[in-house]
There are 2 protein chains.
Amino acid sequence: MIVPTSYRTHPSPLESGLRLDGKRMTPQRKRVLSLFEEIGSGIHLSAEEVHSKLTSSGERVSLATIYRTLKLLVKMTFLNELDLSEGGNRFELLSHDHPDHHHLICIRCGRTEEFENNEVINAGKAAAKNFGFKLLESSLNVRAVCPLCINK
Amino acid sequence: MIVPTSYRTHPSPLESGLRLDGKRMTPQRKRVLSLFEEIGSGIHLSAEEVHSKLTSSGERVSLATIYRTLKLLVKMTFLNELDLSEGGNRFELLSHDHPDHHHLICIRCGRTEEFENNEVINAGKAAAKNFGFKLLESSLNVRAVCPLCINK
DNA sequence: TTCAATGTTGCAAGCAGTTCTCATTACGCT
DNA sequence: AGCGTAATGAGAACTGCTTGCAACATTGAA
């Protein structure tokens, strides 16, 4: 049995975060975030993919709103934006369980795997310290070709 | 048939590299590469910047040719392509003295510093191997704020 | 030196991803 | 319920880059 969660709810983290800023809760925003929540962290969707997943399940959202919402959710730290930069940026649910993961990307099909590595994180920290920079984030992107795409 | 040596210029690495592939030496290609050579390694130019530097010094080159030439020079390993992905890719002279450097970028002013770190390279290799991917390249981008921009 | 073959160029059109404009809709405070 | 204003949808515009094509230039051979 499915409990209707959208009928009368306590304010979600999303809703209260929005309110603090004079922003509003809309069905579109709710749907985008819950898509990522359903799908789990570690899955990377492009704006286009988010849009088609929502519209094909009957939602009525415009692509422009998807872009606006994704940007907002990144700013609110619900999502993480990845610059894999072959055919559009991708977004994932920001999981506080493994905050500093890196990405292995197949440049052909876009398949992405994550991994963690403390030395990489330390290398970023060391470099920032060395030049007197204040570190924000470091991301290692490994471009590669996945097994399925190698013989194509 | 022997060609008089007085007319012969020593073929540049670019020229001989092109010839091996049945490709041709053109003034445009020569100028793009020598721009990077004059400017030195460790400086990152966008295609647009290369174009305006050349045209403003009187050369007549189209932007399309710049893109084609940059891509070619990357393939020939004269240049390195950086995906810093804020408004277009950037290119730098590939120095074989430090082949695998990573970048520390000030997100405010765009200042970029390079550093090297073997552990980062190994982490990329290990991750690729682990998932059965064929490694192409790995780049660590550290986003940070430089000392000059911190108090702004 | 001439010439044909073919690689290269400039221009403009095209493309993908993203942002902007603006009329309309609809949150959410009272 | 009404109102002020944020948010949306639709499509045009923009950006960075690529491509199709006709004109052109380099190369190697005759």
Side-chain angles (χ1 to χ4, degrees), chain A residues 6 8-12 14-33 44-52 54-55 58-76 79 81-91 107 110, chain B residues 1-4 7-9 11-12 14-33 44-52 54-55 59-76 79 81-91:
Chain A
S6 59
R8 186 177 286 272
T9 59
H10 287 276
S12 63
L14 171 58
E15 190 160 1
S16 33
L18 287 168
R19 289 221 171 113
L20 285 179
D21 240 355
K23 294 183 187 304
R24 293 171 186 176
M25 183 57 150
T26 66
Q28 291 87 338
R29 289 173 176 175
K30 201 180 294 184
R31 284 300 296 133
V32 170
L33 182 54
H44 316 88
L45 300 178
S46 66
E48 206 75 54
E49 284 168 352
V50 171
H51 183 237
S52 66
L54 291 184
T55 50
E59 308 287 337
R60 206 176 130 269
V61 204
S62 80
L63 187 54
T65 296
I66 299 295
Y67 277 105
R68 285 187 282 235
T69 303
L70 289 173
K71 197 186 247 187
L72 178 70
L73 291 174
V74 168
K75 198 175 298 171
M76 294 176 72
L79 298 183
E81 181 170 9
L82 311 172
D83 294 341
L84 311 182
S85 67
E86 308 270 342
N89 288 347
R90 293 179 164 267
F91 300 83
I107 59 155
Chain B
M1 39 203 77
I2 313 286
V3 177
Y7 272 98
R8 248 227 152 102
T9 48
S12 64
L14 171 59
E15 190 160 0
S16 33
L18 287 168
R19 289 229 168 104
L20 285 179
D21 242 353
K23 294 184 188 302
R24 294 172 185 172
M25 181 56 151
T26 66
Q28 291 88 338
R29 288 174 177 173
K30 200 180 295 184
R31 285 180 201 134
V32 170
L33 183 54
H44 317 87
L45 299 178
S46 67
E48 206 73 55
E49 284 167 352
V50 171
H51 184 238
S52 66
L54 290 183
T55 50
E59 311 287 340
R60 207 174 135 273
V61 204
S62 81
L63 187 54
T65 296
I66 299 295
Y67 277 107
R68 284 187 281 234
T69 303
L70 289 173
K71 198 186 242 186
L72 177 71
L73 291 175
V74 167
K75 200 176 295 169
M76 295 176 71
L79 298 183
E81 183 171 7
L82 311 173
D83 294 341
L84 309 182
S85 65
E86 310 273 342
N89 288 348
R90 294 182 162 266
F91 300 82

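Keep in mind the model is a prediction, meaning the values are calculated, not measured. The sequence lines fix the lettering, A, B, ..., with proteins before strands; numbering per chain opens at 1.
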Between protein and nucleotides 28-30 of chain D, what N or O pairs are separated by less than 3.5 Å?
none

Going by heavy atoms in the side chains, are B/Ser12 and B/Lys30 under 4.5 Å from each other?
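Answer no - side chains too far apart.
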Check whether any side-chain heavy atom of B/Met76 lies under 4.5 Å from a side-chain heavy atom of B/Leu14, and answer yes or no.
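Yes; the side chains approach each other to less than 4.5 Å.
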Work out how much the helix from C/dT1-D/dA30 to C/dT30-D/dA1 bends between its end axes, five pairs an end, to the nearest 10 degrees.
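Roughly 30° between the end axes, to the nearest 10°.
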Closest to the [X] side chain, choosing from [options]:
X	options	value
A/Thr69	C/dT8, C/dA26, D/dT8	D/dT8
B/Arg29	D/dG9, C/dT9, C/dC11	C/dT9
B/Lys23	C/dT18, D/dC17, C/dG7	C/dG7

For side chain to side chain contact (heavy atoms under 4.5 Å, CB included), just list the numbers for A/Arg31 and A/Val61, CA-CA rounded to whole Å, side-chain angles, deciding distance to a tenth of an Å, and then say yes or no.
CA-CA 10 Å; A/Arg31 284 300 296 133; A/Val61 204; 5.9 Å; no
Would you say [N] has OP1 or OP2 under 4.0 Å from some side-chain N or O of [X]?
X	N	answer
A/Thr65	D/dG9	yes
B/Gln28	D/dA25	no
B/Thr26	C/dT9	yes

To the nearest 0.5 Å, how far apart are [atom1] in [X] and [atom2] in [Y]?
X	Y	atom1	atom2	result
B/Leu82	B/His44	CG	NE2	5.0 Å
A/Arg68	A/Leu63	CZ	CG	10.0 Å
B/Lys71	B/Phe91	NZ	CZ	9.5 Å
B/Thr69	B/Leu33	OG1	CG	10.5 Å
B/Arg90	B/Leu45	CZ	CG	7.0 Å

Every protein N/O lying under 3.5 Å from an N/O of nucleotides 19-25 of chain C:
{"from": "C/dT21", "atom 1": "O4", "to": "A/Arg68", "atom 2": "NH1", "distance (Å)": "3.4"}

With side chain to side chain contact (heavy atoms under 4.5 Å, CB included) as the criterion, how do A/Leu54 and A/Ile66 come out once you've worked through the C-alpha distance, each side chain's angles and the decisive distance to 0.1 Å?
CA-CA 10 Å; A/Leu54 291 184; A/Ile66 299 295; 4.0 Å; yes
Using whole Å, what does the distance between atom [atom2] of nucleotide [N] and atom [atom1] of [X] come to?
X	N	atom1	atom2	value
B/Leu33	C/dT8	CG	P	15 Å
B/Ile66	D/dT18	CD1	P	13 Å
A/Glu81	C/dT18	CD	C1'	11 Å
A/His51	C/dA16	NE2	P	16 Å
B/Arg31	C/dT9	CZ	C1'	12 Å
B/Phe91	D/dC17	CZ	C1'	10 Å
A/Asp21	D/dT5	CG	C1'	15 Å
A/Glu59	D/dG9	CD	P	11 Å

What's the verdict on side chain to side chain contact (heavy atoms under 4.5 Å, CB included) for A/Glu81 and A/Leu70, showing C-alpha distance, side-chain angles and the deciding distance?
CA-CA 9 Å; A/Glu81 181 170 9; A/Leu70 289 173; over 6 Å; no
Could you pick out which residue, A/Ser46 or A/Met25, lies toward the 5' side of DNA chain C when each is mapped onto its nearest nucleotide?
A/Ser46
Distance-minimising heavy-atom pair for A/Arg24 and A/Leu18:
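Where A/Arg24 meets A/Leu18 most closely, the heavy atoms are O-CD1, 3.5 Å.
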